[in-house]
Amino acid sequence: MDITKFLEREPVLKEVAEKKETVWINKKKKTGEEVWKNFPFDENDIKDAEDRLKRFAPLLMEYFDDTKATNGIIESPLKKIPNMEKILKEKTSLEGNLYLKMDSHLAVAGSIKARGGIYEVLYHAEKLAMDSGMLKEDDDYRILASDKFRKFFSRYTIQVGSTGNLGLSIGISSATLGFKVIVHMSNDAKQWKKDLLRSKGAEVVEYDGDFTKAVELGRKKSDEDPNSYFVDDENSSTLFLGYAVAANRIKKQIEDQGIKVDKDNPAFFYLPCGVGGSPGGVSFGLKKVFGDNCHIFYIEPTHAPCMLIGMATGLNGDICVQDFGIDGKTEADGLAVGRPSGFVGKVMEPIISGIFTMNDNKLFDYMRDLNNSEDIKIEPSACSAFEGPIKLFEYEESKKYLEENNLLDVKENINHFAWATGGKLVPDEIMEKYLETYL
Ligand SMILES: *Cc1c(COP(=O)(O)O)cnc(C)c1O
C-alpha cells in the first residue's frame with residue numbers, strides 16, 4: 001500500500017511511521033447531541049447488557065468465589081493514588097488528581113477482558129439455553145450449573161483468537177460453564193497464560209503468527225463446525241457492549257468518593273488500546289454518562305499503533321501497522337495488535353480526543369513507580385495508561401487541545417483516570433521479573 005498521501009494529509013503519521021513517541025489529536029470529535037447522530041448503539045443496548053449480567057450474577061457467585069464480595073457482579077475498585085501522583089509530579093509536568101481504575105484486579109480473569117469476554121460467553125450460553133426452550137429470563141440462573149445444562153453446553157464449542165487475556169477470560173468462563181473451548185494463541189502469548197488455560201480444561205492452539213493471524217485461523221476453524229461459536233475480537237458488538245457496562249458503575253464510584261465531574265472539573269480517561277474493543281466499549285459508555293465533561297485518550301505502543309493508523313487514515317480495519325513498515329512487536333503483549341477492529345475506529349470518530357504512542361521501556365518504569373509508591377502491581381500493557389496524563393501537558397498538540405477546550409485555567413482540577421487493564425493473574429515470579437526489567 002502506498003502511504004505517501006496519508007503522510008501528507010496527517011503529518012503526525014510521519015512520526016508514527018518512524019516509530020517516534022507522539023500524540024494524534026482527533027479532529028472529528030463531536031460535542032453535545034451531535035455525537036449520537038447516526039450512532040449504531042444507544043443506552044438501551046447498555047441497559048440490556050447490564051440486565052443480562054444481573055440475571056447471571058447468582059450463577060457467577062456459585063462458580064467463582066472471587067465474585068461473592070460484589071454479589072456476582074464483576075467490578076473493580078476505583079482508587080486514588082496520591083503517592084504515585086506525587087512521584088510523577090516530581091518527575092514530569094503532570095497536574096491534577098490521579099486515580100487508578102483497577103480492572104487489573106477484576107474477578108475471574110484478572111483483566112479488562114473479564115468484562116467483554118465473559119459477557120459474550122454468558123450471552124451465548126443464554127441464547128443457546130433459551131433457543132432450546134430450557135431457560136426463561138425469569139428463571140433462577142443457578143439451574144445452569146445443573147448436570148442437565150452442563151451436558152447440554154458440552155455439545156457446543158467456543159473458540160477465540162487471542163494475544164492472551166481474552167483467551168483467559170473466554171477460556172476460563174466457557175470451561176467453567178461446561179463448554180468445549182479452543183483458544184488460538186498468537187506468538188506474543190505468554191507461556192504461563194497457555195499453561196493456566198490448559199489447567200482449566202481449555203484446548204490451546206499455538207500459531208507462529210501475530211494476533212491477526214490467530215484470529216483469522218481461529219475463525220476459519222470455528223466456521224467449519226456448526227456447533228462452534230467464534231468470539232470475534234475484530235468485529236464483535238457483543239464484546240463491545242459488555243465493556244460499555246463499566247461506565248455507569250464508575251460513575252457511581254466517582255459519586256460515592258465525592259469526586260466532582262463537571263465543566264470546571266473535567267474527567268480524563270486513559271485506556272490502553274489493542275484491537276480497540278475494550279477501550280471502545282468503555283468509551284462509548286463513558287461518553288453516554290459524562291458527555292462533554294469527559295475526555296478520552298488511548299495509548300498504544302510505538303511498535304503497534306494500529307488504532308491510531310486506522311483512525312488517522314480513515315481506513316480503520318483496512319490498514320495495518322505493517323503497511324507503515326512497523327513490526328507490531330512489543331513487550332505490551334495485550335496491545336500487540338497490527339490491525340485494528342473493523343468497526344470500533346469508525347464508531348469512536350465522534351467520541352475520542354486522541355491517541356498517544358509510547359516506547360516499551362517506560363512500561364517497566366511506570367510499573368516500578370506504581371509498585372514502590374502504592375504497592376500495586378499491574379502488567380506492562382496496563383502501565384501504558386500513565387503515559388497519557390503525563391504527556392497531555394508536554395506535547396504541543398495536546399497542550400493546544402487543552403487550550404482549545406478552555407481547560408488550561410482548570411488544569412489543576414482535572415481528574416485523571418488511568419485505566420489499569422490487567423495484572424492480577426500474572427504469577428508472582430513473572431511479576432518480579434518485570435519489576436527488574438530495564439529496556
Ligand atoms: C486486551 C487488553 C487491552 C486492549 O484491549 P483491546 O480490546 O484489544 O483494545 C489492554 N490491556 C490489556 C492488559 C489487555 O489484555
Side-chain angles (χ1 to χ4, degrees), residues 76 100-106 108-120 160-172 183 185-186 188-190 193 210-212 214-215 231-244 246 269-284 296-301 304-308 310-311 316-317 328 330-345 347-348 352 355 358 363 366-367 377-388 418-426 431 434:
S76 72
L100 194 66
K101 179 55 178 162
M102 293 177 65
D103 279 8
S104 47
H105 291 69
L106 278 174
V108 185
S111 82
I112 194 167
K113 307 297 195 309
R115 298 185 183 278
I118 294 174
Y119 176 70
E120 182 148 357
V160 64
S162 171
T163 63
N165 284 340
L166 185 64
L168 283 182
S169 118
I170 302 286
I172 294 171
V183 181
M185 290 281 212
S186 61
D188 322 281
K190 304 288 184 213
K193 293 185 184 176
D210 68 359
F211 169 79
T212 310
V215 170
V231 176
D232 192 339
D233 202 11
E234 289 179 338
N235 297 295
S236 169
S237 53
T238 309
L239 275 175
F240 184 87
L241 293 170
Y243 291 120
F269 294 92
Y270 306 93
L271 294 140
C273 180
V275 72
S278 75
V282 171
S283 306
F284 160 52
I296 302 165
F297 287 88
Y298 295 170
I299 301 91
E300 296 189 300
C306 65
M307 185 58 62
L308 195 166
M311 288 188 76
N316 297 309
T330 166
E331 290 297 320
D333 52 338
L335 316 182
V337 177
R339 186 181 296 280
S341 155
F343 81 98
V344 169
V347 170
M348 287 302 114
I352 71 164
I355 301 177
M358 70 177 286
L363 297 171
Y366 292 142
M367 181 183 278
K377 293 182 182 65
I378 62 176
E379 65 184 89
S381 298
C383 293
S384 64
F386 292 114
E387 180 77 352
W419 210 286
T421 43
K424 186 175 80 171
L425 294 190
V426 178
M431 212 42 124
Y434 285 149

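First listed ligand is number 1; within each ligand, the first listed atom is number 1.
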Within the 4.5 Å heavy-atom criterion, are [X] and [Y] side-chain neighbours or not?
X	Y	value
Lys113	Leu239	no
Glu379	Ser104	no
Phe386	Leu100	yes
Met358	Pro301	no
Phe269	Val282	no

Ligand 1-proximal atoms of Val337, by part, heavy-atom distance under 4.0 Å:
neither

Among all protein heavy atoms, pick the one closest to [atom] and tell me residue, atom and distance.
atom	result
atom 7 (O) of ligand 1	Ser278 N, 2.8 Å
atom 10 (C) of ligand 1	Leu335 CD2, 3.3 Å
atom 8 (O) of ligand 1	Val275 N, 3.0 Å

Look only at interatomic distance and state if [X] has a nitrogen or oxygen under 3.5 Å from any nitrogen or oxygen of ligand 1.
X	answer
Ile112	no
Gly334	no
Gly274	yes
Thr421	yes

Please could you name the atoms of ligand 1 that [X] approaches to less than 4.0 Å, counting only its heavy atoms?
X	value
Lys113	1 (C), 2 (C), 3 (C), 5 (O), 14 (C), 15 (O)
Pro279	5 (O), 6 (P), 7 (O), 9 (O)
Pro272	4 (C), 10 (C)
Asn165	13 (C), 14 (C), 15 (O)

Would Leu166 count as a contact residue for ligand 1, given that I'm defining contact as a non-hydrogen atom of the residue lying under 4.0 Å from a ligand atom?
no

Does a donor on one side chain and an acceptor on the other come within less than 3.5 Å for Glu120 and Ser236?
yes

Using atom types as modelled and distance alone, determine if a side-chain donor or acceptor of Lys101 lies under 3.5 Å from a backbone N or O of Ser76.
yes

Below 4.0 angstrom, N of the basic side chain to O of the carboxylate: do Asp333 and Lys193 qualify?
yes

Taking the six-membered ring for Trp, are the ring centroids of Phe343 and Phe240 within less than 6.0 Å of each other?
yes

